[in-house]
**Q** 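Below: one structure in structure tokens.
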Amino acid sequence: MGSLGTNVLENNLGCGLNPLDPEEFRKHGHMVIDFLADYYRDIEKYPVRSQVEPGYLKKCLPDTAPYNPESMETIMKDIQNHIVPGLTHWQSPNYFAYFPSSGSTAGFLGEMLSTGFNVVGFNWMSSPAATELETIVMDWLGKMLKLPSSFLFSGNGGGVLQGTTCEAILCTLTAARDRKLNEIGRENIGRLVVYGSDQTHCALQKAAQIAGINPSNFRAVATSKKTNFGLSPESLRTAIAKDLESGLVPLFLCPTVGTTSSTAVDPIGPLCDVAKEYGLWVHIDAAYAGSACICPEFRHFIDGVESADSFSFNAHKWFFTTLDCCCLWVKDPSALVKALSTNPEYLRNKATESKQVVDYKDWQIALSRRFRSMKLWMVLRTYGVANLRNFLRTHVKMAKHFEGLVAMDKRFEIVVPRNFAMVCFRLLPPADDGENGSADDRANELNRKLLEGINSSGRIYMTHAVVGGTYMIRFAVGATLTEDRHVNLAWKVAKEHADSMLNSMANGHI
Ligand SMILES: *Cc1c(COP(=O)(O)O)cnc(C)c1O
């Protein structure tokens, strides 16, 4: 029984003799699967947004870890009683907040397999299947998105699975930085400039901070309602020209397809034209909306991608794959490798030296890496392109339906045009509500209250964004279990809360 000592052998609490005993694994594994199956079946009985107060869990659990083993039954009971109440139920069909984290049976089983094998595929040799499956799946997915072959291994590019978009942007920015500094000299790092828009995800700013970009050289170019909050190529050109005049060096542009606040789409083609004129690396962040581009009718949103240097989207958002799984493609993998590789003696091996293999440790921040392609492969094979497209289309259709319901009620307004499966809307304040302050401020306050009322009911969960000074409620369809009836219910809940708020206002109670 090896090295585990007598404490474990002598325990009589029913836990096995070896932490990886196959029969115990089977038994407890089945228990967890049954627990999760019940959880999914009954998920609607929980309030969608967790109702606990900060620090709730400390009151439920002991101050120190148990010295003696505890039984699986006891632990599972605590999960049900103490952990589940502190969950916000992202898999609930009544979840419409942030962006979805769409789970699926295939994604879950893939996750289970990769966790079960628990291999650490930093280089090819450390688990050839992990590396080779990833290169194959990334080419499959690249073809589904109709990425040009220059992004695929079958061209001269390639794809890699990162944990998150934040990492994908940091890695590509680092590659761009080093490529540029090799041209102009390391001492010029303080002159490099990074461009996004005021709608770009904060991942870009974080990456710039980590990559050593001078904080005063981070440009969040202003957008406006006129372009539906997309970045205009003219504004980009003006910003670049101004920086060049100041002796700075434009480095990196990160356009977004489907911004987090309002799913705005930056015009990739025209932006790439400007960027290429000035030698910028263009990374396209399609974290949320990239998934939709496997449908021919949405593919136009990434037209122009052929001129970019890199492209990423999160399969863990709206692609039925469990967190974490960010798909990144680059045209010039050697730029990543030059910036991110190290070659310690203890990792030397014949395969690497033959230069016939990909060593993914050189495409990412960390050395160790999970076997993420397993879950993506399971998702692609289990559902096929046809069903994946249908799932996405169903979500878009439901969002469109909700949009129609909102548009029919003249007390509400759709704030920005819907592009994918998210509707941005708000309640309009009554014309004469006797309140002070500008109409915008009053509308913002009204919607803040409305949203808080809805969310604290626990029946549905939505979140907000402020775009161009307008507070709006975001209704993001994409939870895998959501059906038409949930969308209808969501509208009913929103309307009921609005009715009761407007009534109390009319009666002078608010
Ligand atoms: C969600 C999101 C991100 C951040 O993704 P992570 O994987 O959490 O780093 C970046 N950009 C956009 C547009 C997003 O919607």
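Heavy atoms only: backbone and side chains are in, while hydrogens, waters and symmetry mates are out. Every number for a ligand or one of its atoms is a count from 1 in the order of the listing. Remember, predicted model here, so these are calculated numbers, not experimental data. We number each residue from 1, following the sequence as shown.
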**Q** Applying a heavy-atom cut-off of 4.0 Å, say which part of Thr165 lies close to ligand 1: side chain, backbone, both or neither.
**A**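 The answer is both.
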
**Q** For ligand 1, which atoms have a heavy atom of Phe99 less than 4.0 angstrom away?
**A** 15 (O)

**Q** Which bit of Lys317 is near ligand 1, meaning a heavy atom under 4.0 Å away: side chain, backbone, both or neither?
**A** side chain

**Q** Of the side chain and backbone of Thr164, name the one, both, or neither that has a heavy atom under 4.0 Å from an atom of ligand 1.
**A** both

**Q** Return the residue, atom name and 0.1 Å-rounded distance of the protein heavy atom closest to atom 9 (O) of ligand 1.
**A**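 For this ligand atom, the closest protein heavy atom is Cys166 N, 2.9 Å.
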
**Q** Think Arg474 forms a cation-pi with Phe99, using NZ or CZ under 6.0 Å from the six-ring centre and within 45 degrees of its axis?
**A**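 So Arg474 does make the cation-pi contact.
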
**Q** Is the shortest distance from a heavy atom of Gly258 to ligand 1 less than 4.0 Å?
**A**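 Judged by the 4.0 Å heavy-atom criterion, Gly258 does count as contacting ligand 1.
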
**Q** With the threshold set at 4.0 Å, does a side-chain nitrogen-carboxylate oxygen contact exist between Glu234 and Arg237?
**A**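 Looking at Glu234 and Arg237, the cut-off is not met.
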
**Q** Examine the side chains of His283 and Ser312 and answer whether a donor and an acceptor come within less than 3.5 Å of each other.
**A**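 Per modelled atom types, His283 and Ser312 side chains form a pair under 3.5 Å.
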
**Q** At a non-hydrogen distance cut-off of under 4.0 Å, which region of Thr256 contacts ligand 1 (side chain, backbone, both, or neither)?
**A**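 It is the side chain that gets close, since no backbone atom is under 4.0 Å.
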
**Q** Would you confirm whether His486, through its side chain, and Glu483, through its main-chain N or O, come within 3.5 Å as a donor-acceptor pair?
**A** yes

**Q** For atom 11 (N) of ligand 1, what is the closest protein heavy atom, and at what distance to 0.1 Å?
**A** Asp285 OD2, 2.6 Å

**Q** Check the pair Asp285, Thr256 against side-chain hydrogen bond (donor to acceptor under 3.5 Å, both in side chains), reporting the backbone distance first and the verdict last.
**A** CA-CA 5 Å; Asp285 173 8; Thr256 308; 4.6 Å; no

**Q** Pick one: which of Tyr98, Tyr471, Phe96 meets ring-ring contact (aromatic ring centres under 6.0 Å, His included) with His464?
**A**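 Of all the options given, the one that passes is Tyr471.
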
**Q** From the options Thr260, Leu204, Asn314, Thr263, select the one whose nearest heavy atom is closest to atom 13 (C) of ligand 1.
**A**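 Answer by nearest heavy atom: Thr260.
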
**Q** Determine the minimum heavy-atom distance between Thr174 and Leu170, stating which atoms define it.
**A** OG1-O, 2.6 Å

**Q** Applying the side chain to side chain donor-acceptor pair (under 3.5 Å) test to Asp324, which of His316, Arg372, Gln162 qualifies?
**A**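 The passing option is Arg372.
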
**Q** Please report which non-hydrogen protein atom sits nearest to atom 10 (C) of ligand 1, along with the residue it belongs to and the distance in Å to one decimal place.
**A** His201 CG, 3.2 Å

**Q** Looking at ligand 1, does His316 have a heavy atom less than 4.0 Å from it?
**A**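 Per 4.0 Å heavy-atom rule, His316 contacts ligand 1.
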
